[in-house]
Each structure stands twice: as structure tokens, then as C-alpha cells.
Colleague: 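So that we are looking at the same thing, I have put the structure below in C-alpha cells.
Lettering follows sequence order; numbering is per chain, from 1.
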There are 2 protein chains.
Amino acid sequence: MTTAAKPRPADRVPDCVDCPIRHRAVCARCETDELQELEQIKYYRSYPAGQTVVWAGDRMDFVASVVSGIATLSQTMEDGRTQMVGLLLPSDFIGRPGRDDATYDVVATSDLVVCCFRKRPFETLMARTPHIGQRLLEMTLDELDAAREWMLLLGRKTAREKIASLIAIIARRDASLRPTGAAREVVFDLPLTREAMADYLGLTLETVSRQVSALRKEGVIRLEGTRRVTIPDFERLLAETGDDSDGGFLV
Amino acid sequence: MTTAAKPRPADRVPDCVDCPIRHRAVCARCETDELQELEQIKYYRSYPAGQTVVWAGDRMDFVASVVSGIATLSQTMEDGRTQMVGLLLPSDFIGRPGRDDATYDVVATSDLVVCCFRKRPFETLMARTPHIGQRLLEMTLDELDAAREWMLLLGRKTAREKIASLIAIIARRDASLRPTGAAREVVFDLPLTREAMADYLGLTLETVSRQVSALRKEGVIRLEGTRRVTIPDFERLLAETGDDSDGGFLV
DNA sequence: CGAATACTTGAGATTATTCAAAAAGCGTGG
DNA sequence: CCACGCTTTTTGAATAATCTCAAGTATTCG
């Protein structure tokens, strides 16, 4: 089902001080001495696109931060229906302190680099210093808000609104990571296949395809190939999401 | 739309030591001296069934624990579509430290008693002692798991599976709060109207009604009136939920 | 270039919704 | 205790949205 390449220990592991996600990840609030303790128990791993990082139910002896790339969290029912329950971007946290088994499948959607911490030492460190737990609480509260926003999408939005919402969210995130100011035209690549989009949105891939095509035909978006999206008028796209018109633009 | 009775300050506010939710709420890990600090900033409020505790977007100057009764968290779209994103039971936490405005509507579904803490002092206390933050992190992680389980339900389950899942969850919770051991027949009252069930499940109330009737006609559940449910065979109900057959019975 | 994967499109079936009306349940006052 | 009005729930019929199955086309990778 998925490729089977092994995770590769990365060749060089950068110092925390030079880390690109230093200010957003679970370690964001750590003092220098705390960082040094983290350095002791951390190691990098790389996964090629498509590879599974952990399977739901598997024992997990580490927690980790996404350094670069994208991973997905998903759940699968006995008969194969799957629902994505989270999209992990750089600085996002993988795993749950205090829990030994993975609750969800974690899959690398692009080439992925993660900064792992051995779980027991991490838990010990967490108990000793409040900074990690404080930051993790903030991040978890944010994720909970995101999950609840997604519940509204899954439960109440139409297929068209779901697609528009997903594109808007990816576009926004992309804009926030990018140096540029407020470009009139937003251009970016979808990091997900149609099937992954379907799993995220609670749709079939055919419905995703049809709705993407519909938005394209109506000029809400433009496509180069199947992945590269141009949004000529962001307001127009937002109007298709079903969300409040005011709600947090360019957060 | 909702009744407009004022929240009533409760007459007597029990000591934390005697509190029924003491061991599960956000204060669960607090030492005696920390409890004393909490006593200083706490006050009780009561809301009659149907009343709104806070509206999304309103300023909230307190956080709170549910002491008794049930409340719902929900989101409403401009055109009135609403999605429930959480069910708050005794010991559950309301509000988010560090945030001034409510993100969701909170509505008392039954008569409700909450233990409020003024927000600023609570935040200060949190910063000073790690016990509250630690417990809040645990609770938030549990809520995140619950939200993600709900995402699977909303995105991938059929109407029938949704209803069966909701009934099973309420039955389980009810069993866990009840003194009895493993009774063969489970009997309990649905704490939600058909409309509230629909809002929780991402369905219309008519579909809820139809599926409840279908389960009744097929003997999966029995009904006395519209609220009182008997489950003659819990395994049979679980088989209708679409979940793994093994997954956490009577957790 | 060829095979494999990803995507699109069509037609028909299915599921859930919408609109409408009737029945059941609930609380109040006579 | 019962009648009345109100809310909640049930049920029906028609409609709309999405899914399923089935090709066919485009894209990617070796």
C-alpha cells in the first residue's frame, strides 16, 4: 500500500539554536539550559513521501516535532473508510506524552524530517520544567480549535464549501510561511492528492475532482496541471467557503 | 430563541474538599494550599435548562468547571446551520486561559451548575503553579482525541452508524457514572432533543428521528416515550456503530 | 516510451434533505 | 382530571446531493 523505505537517520543534526522551527515548536519557550537537555535526547529522522511514520496501535517510543515537510494524521475503519483528522506542518507535534501507543496513522505526505525525542526522558524533562508543558498546552488548545472548526466543515458544509475551505486554508498557511506581503494573486501547490483531500473532507475523490473542476470553470481558481493553484480573487474564494466574511483574514 | 432567566449565584458554595468533581476537574492535582487559592477566586453559577451561558464572540471574564448538568458547545454559520462541537459533562472545563472572547456558544442543555474562576487571577495562579496547567493539558489532550473521533463519525459514518454511536457513547458514560456493575440491560435517558442530536451528528432532525425509529423497529433499542432508552444487547448496538468490535468496552 | 498512478467525467443508484402534515408529549389553568 | 396550546417527534413524498461504478484522459517516473 505504501512504500517501504526505512526512515533515515539524518546525517547532521543542527543545533537547537539554529533550528528553523525553534520559535514555534514545543521547545519554543525553553531556556538555554533546557535546550541543552533536549539536545541530549533528540535525533532526526527522515521519511520519503508516502511512507508511514507510525501505524495506529503501534508502540511509539518517541515524540517528535515536524521540522520540514507535511504529514497527515488519519483514522481508518474496519471496512477501509478513512478520515484524516489532522495535517501536521513544520513545528507541529507528533505523539502524546504519557501514552505508549499511537492513536492514529501518521503518514509522510511529502518528504519529511522530524526531530524526535525519546519519550521517557522527554516526559521526565516535562515533569521537571513547566516550559515544555506550557507550550504544549497552547499548541494542543490550538489544535483543539482547529479540530472543532473541522467538525463544522465535516458536519455542515456542502462539498463545494468544503473544497473552497480547504483551498483557502492551504493558501493562507502558504502565505503566512512566505516572505511576500499581500500579493494580489495567490499561487501555490496543493500538498495533497485528490484522494487525500477527499479523506480530509469526508468526500469521495470523484466528488473532490468534480468540485475542483467546477470552481475552475467558474473562475474562482485557476489550475496549472492538477496541483498548482492560482487564486485570482481571494475574497471570491472566501465567499464560497460558507464562513463569515470578516473572519480572520491573513491570520 | 432561548429563555432569558438570569444565571443565579448559588446560595451555598461547597468547599473544594467536599466537591463532587474534585478528583476529575482542572483542580484535580492541586495541593491543599493551591485549593485555598482557588477558593478565593471561585463562585458558583446556575443556569436553567435551555439558557445560553455565553455566546460565541462575547467577552468571557471567567473560566469554569461543570459541577452538575450538561452543556453543549456549538458553532453556527451565518445562514443558521449549526454544529455541536462538544458536550460538557460534570468536571469538564469551560473557557480558554489566555483568550478573552468565547469561541463557541455554550448552552445549558439541562439545569446546570458551574464553578467559575475569575480569569485573570486564574491565569496568574496557573503561571505560578504547574499543577493546574498539567491537569488542563491532560484534559485538553483527551478532548482533542474525542474531537478527532467525532471527525471520523462526521466525515465517514452513515446516519444509522452516527445514531448508534451517539447512543452507545451516552450509554457508556451513563454506566461509568452509575454505581452498578455490568447490568445486562442498560437503561438511561437521552439528555438531548432530536434537534440537539442532529446538531451533534451533522444530520437533520428528521433523519435522526427516522433512524432512531428504525433501530427501535429492529429491536436494537427500546423506547419509553421519546427519551428513555433501553439497550437489550449492547454488543448488538456496538455492531451498528461501525467501530472496531474490540474497542474499549466499559472504559 | 511504456507502465503505473493520478485525475476527470458520465450515468445511474443511494442517501439524506426538504417541505408538509399529522401525532405525541408536556405544562398550565380551569 | 381534563382541555388547551405549545413544543417535540414522527412519518410521507418529492427533491437534491453525493456516492458508486465505469471508462477514459492526463501525468509522472523509470
Colleague: Provide the closest heavy-atom pair for Y43(B) versus F62(B) in the form atom of the first, atom of the second, distance.
Modeller: OH-CB, 3.5 Å

Colleague: List the protein contact pattern of nucleotides 2-20 of chain D with one symbol per nucleotide (5' to 3'): B for base contact, S for sugar-phosphate-only contact, - for none; contact means a heavy-atom distance under 4.0 Å.
Modeller: -------SBBBB----SSB

Colleague: Ignoring hydrogens, what is the shortest heavy-atom contact between T204(B) and A198(B)? Give both atom names and the distance.
Modeller: C-CB, 3.5 Å

Colleague: At their closest point, which heavy atom of S165(A) faces which heavy atom of L153(A), and how far apart are they?
Modeller: CB-CD1, 3.6 Å

Colleague: Is there a side-chain contact between R227(A) and T193(A) (heavy atoms, below 4.5 Å)?
Modeller: yes

Colleague: By the definition side-chain hydrogen bond (donor to acceptor under 3.5 Å, both in side chains), identify the one residue from E143(B), Q75(B), Q83(B) that meets it with R148(A).
Modeller: E143(B)

Colleague: Do E161(A) and T241(A) have side chains that approach each other closer than 4.5 Å (heavy atoms only, starting at C-beta)?
Modeller: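 No, too far: nothing below the 4.5 Å cut-off.
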
Colleague: Check for a donor-acceptor pair, side chain of R156(B) on one end and backbone N or O of R81(A) on the other, with a separation under 3.5 Å.
Modeller: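 Checking the backbone N and O of R81(A) against the side chain of R156(B), no donor-acceptor pair under 3.5 Å is found.
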
Colleague: Could you tell me from which nucleotide to which nucleotide of DNA chain C, 5' to 3', there is an atom under 4.0 Å from chain B heavy atoms?
Modeller: dA16(C) to dC19(C)

